**Q** 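Sharing a structure here in structure tokens format.
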2 protein chains.
Amino acid sequence: MISQSVNDKRKDLLSAALRLFAENGFHGTPTSKIAKEAGVANGTLFHYYKTKEDLIVSLYIDIKSRMSEYVEAHSEKEKSVKKNFRNQYLQVMLWSLKHRDEFLFIQQFHSSPFASLVPAEEIERLSGKTCEQIEKAIKDKAIKKRDVNYIMTLFTSHTFGLNQYLSKAQLNEKEQKEVIKDSFDMLWKMLS
Amino acid sequence: MISQSVNDKRKDLLSAALRLFAENGFHGTPTSKIAKEAGVANGTLFHYYKTKEDLIVSLYIDIKSRMSEYVEAHSEKEKSVKKNFRNQYLQVMLWSLKHRDEFLFIQQFHSSPFASLVPAEEIERLSGKTCEQIEKAIKDKAIKKRDVNYIMTLFTSHTFGLNQYLSKAQLNEKEQKEVIKDSFDMLWKMLS
DNA sequence: ATCTTTGTAGAGTGATTAGTCAATCTGTAA
DNA sequence: TTACAGATTGACTAATCACTCTACAAAGAT
């Protein structure tokens, strides 16, 4: 099946790029090395992605989608709003810890000039669910009544911060889980 | 006075670099443009900074120092620990809002491969005060007893998050100040 | 006045890199 | 079998960029 091999090459290119970007940054990584690492010729990269920029943005969307899928798949429809939040928070953290490179990349991406190149529809698609959830939580008076973007930003930056801490601090798995739980309690105390 | 004109050139180079970095990122900004923007020749840049990397790290240290100075200068020695924290938080936020480019640069820098090139002594010098303050607050039981780095990371990322929100949301000065105060109350609720 | 150090300029260099292109290969369908 | 479209290759190019080099100027120092 040809379409399979096409997807394989795309995937190979994205994961090669991810590995190298996480290590050397966008600009420390020439397209030639990405192609080599993916096991394809230089020109092939540009067959699938028109420009390097295109590759970077595509990679961002790919990673975000995979994370959303994971969280979605692991979120049981609990009854209470708080339990929903806690579970989602936990899943995001676990995913991030398992996917170091992905997390590093996203961080880099967010504070780069590429960030503004993500199509508005993709942003909507990727953050829509979380927005709705926050809106619902506000309606149910489970969390403070504030601008949704305000809440979301605090939530997101909290996640990033904790991740940064966990990357540096040398903790075993059990300790990590305790810190994650602890940090959620703190976060919730702040928002409710 | 020659030493004055030397410092001027250094300053010119740093502020030119800052302006361009904030707009185009480190790698989107050639040294030639930095020199031009600063009104000096290409070679002059390399007289003051051995490499581009050297310039970037120096700029980071310069910005951080200036922020620390500002916060230091505007922090009255209040009695209560909480008031101290609030005031410091407020000052950091006000500084960040007044210095858009600086804030953008620091964000970019933190999630770049350059971050690891800051000498340990500088890191200590720049974050020492805050560390001590947190330790004192924990001793006084004003905030939760946790790892200092844990607290500091949550504090920092909260600051970054709020800044990001305020950059995007179009609020007037009064509204901004209210959000800052509100966010401090939330942060404090979380940490105490 | 002469020597030394430091600052400044800007053309030049060698290496690197994103992206192109013409040529070949592969799978499919008539 | 033939024809065609898309996939793949890798040599090539045009541009860019960090950094060097040489020449000269300005300012102290002796």
Side-chain angles (χ1 to χ4, degrees), chain A residues 1-60 62 105 108-109 112-117, chain B residues 1-60 62 105 108-109 112-117:
Chain A
M1 238 201 285
I2 187 164
S3 66
Q4 184 53 44
S5 96
V6 162
N7 281 331
D8 278 353
K9 290 251 157 84
R10 285 198 116 95
K11 277 183 186 170
D12 288 348
L13 281 164
L14 287 184
S15 71
L18 175 60
R19 236 170 306 149
L20 294 169
F21 286 161
E23 206 177 315
N24 312 104
F26 305 142
H27 301 276
T29 311
T31 53
S32 56
K33 272 193 191 155
I34 298 172
K36 207 180 208 173
E37 175 100 356
V40 301
N42 211 315
T44 307
L45 189 154
F46 290 95
H47 176 70
Y48 289 106
Y49 301 98
K50 266 189 12 178
T51 62
K52 189 182 183 183
E53 192 178 283
D54 183 24
L55 172 72
I56 292 172
V57 175
S58 298
L59 179 54
Y60 174 75
D62 177 65
F105 172 83
Q108 242 183 279
F109 184 88
S112 80
F114 300 113
S116 56
L117 299 173
Chain B
M1 241 201 283
I2 187 166
S3 67
Q4 184 53 45
S5 97
V6 163
N7 280 332
D8 278 354
K9 290 251 157 85
R10 283 197 119 93
K11 276 184 188 172
D12 287 349
L13 280 164
L14 288 184
S15 73
L18 175 60
R19 235 170 307 149
L20 293 169
F21 286 161
E23 204 176 318
N24 311 106
F26 305 141
H27 301 277
T29 311
T31 52
S32 56
K33 271 191 193 159
I34 297 172
K36 207 180 209 174
E37 176 101 357
V40 300
N42 212 314
T44 306
L45 189 154
F46 290 94
H47 175 72
Y48 290 106
Y49 300 98
K50 260 170 54 144
T51 61
K52 188 183 183 182
E53 193 177 282
D54 184 25
L55 171 71
I56 291 173
V57 175
S58 299
L59 178 55
Y60 174 76
D62 176 66
F105 172 83
Q108 242 182 277
F109 185 88
S112 80
F114 300 113
S116 56
L117 299 173

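These numbers come from a predicted model, not from an experiment. Sequence lines set the chain letters: A, B, ... in the order given, protein chains first and strands last, and positions in each chain run from 1.
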**Q** Examine A:F114 together with A:Y60 and report whether their ring centres are nearer than 6.0 Å.
**A** no

**Q** Could you tell me how far apart A:Y49 (OH) and D:dT8 (P) are, to the nearest whole angstrom?
**A** 12 Å

**Q** For every nucleotide of nucleotides 18-24 of chain C, 5' to 3': is a protein heavy atom under 4.0 Å from its base (B), only from its sugar-phosphate (S), or from neither (-)?
**A** SBB----

**Q** Taking all atoms of both residues into account, what is the closest heavy-atom pair of A:G25 and A:Q108, and its distance?
**A** CA-NE2, 3.3 Å

**Q** So, taking the atom named CG in A:L117 and the one named CD in A:E53, what distance separates them when rounded to the nearest 0.5 Å?
**A** 4.5 Å

**Q** Grab the NZ-C1' distance between B:K36 and C:dT8 for me, whole Å please.
**A** 17 Å

**Q** Using the criterion of both pairing distances under 3.5 Å for Watson-Crick and G-U wobble pairs, give all stems of 3 or more consecutive pairs involving DNA chain D.
**A** C:1-30 with D:1-30

**Q** Rounded to whole Å, how long is the line connecting atom CG of A:D12 with atom C1' of D:dA7?
**A** 14 Å

**Q** Does the side chain of A:Y48 get closer than 4.0 angstrom to OP1 or OP2 of D:dT8 through an N or O atom?
**A** yes

**Q** Should A:T44 be listed as having a side-chain N or O under 4.0 Å from OP1 or OP2 of D:dT9?
**A** yes

**Q** Minimum heavy-atom separation for B:T51 and B:F46, please, with both atom names.
**A** CA-CE2, 4.3 Å

**Q** Roughly, in whole Å, what's the span from CG in A:D8 to P in D:dA7?
**A** 14 Å

**Q** Within this structure, what is the CD1-to-C1' distance between B:I34 and D:dC17, rounded to whole angstrom?
**A** 11 Å

**Q** Which of these passes side-chain contact (heavy atoms from CB on, under 4.5 Å) with B:I34: B:L14, B:V40, B:L55?
**A** B:L55

**Q** To the nearest 0.5 Å, tell me how far B:L13 CG sits from B:T31 OG1.
**A** 10.5 Å

**Q** Quick check: closest heavy atoms across A:L45 and A:A35, and the distance to 0.1 Å?
**A** CD1-N, 4.1 Å

**Q** Nearest heavy-atom pair of A:S32 and A:N42: which atoms, and what distance?
**A** CB-ND2, 3.6 Å

**Q** Between A:V57 and A:F109, which heavy-atom pair has the shortest distance, and what is it?
**A** CA-CE1, 4.3 Å

**Q** Let me know the distance between NE2 of B:H47 and P of D:dT22, rounded to the nearest Å.
**A** 17 Å

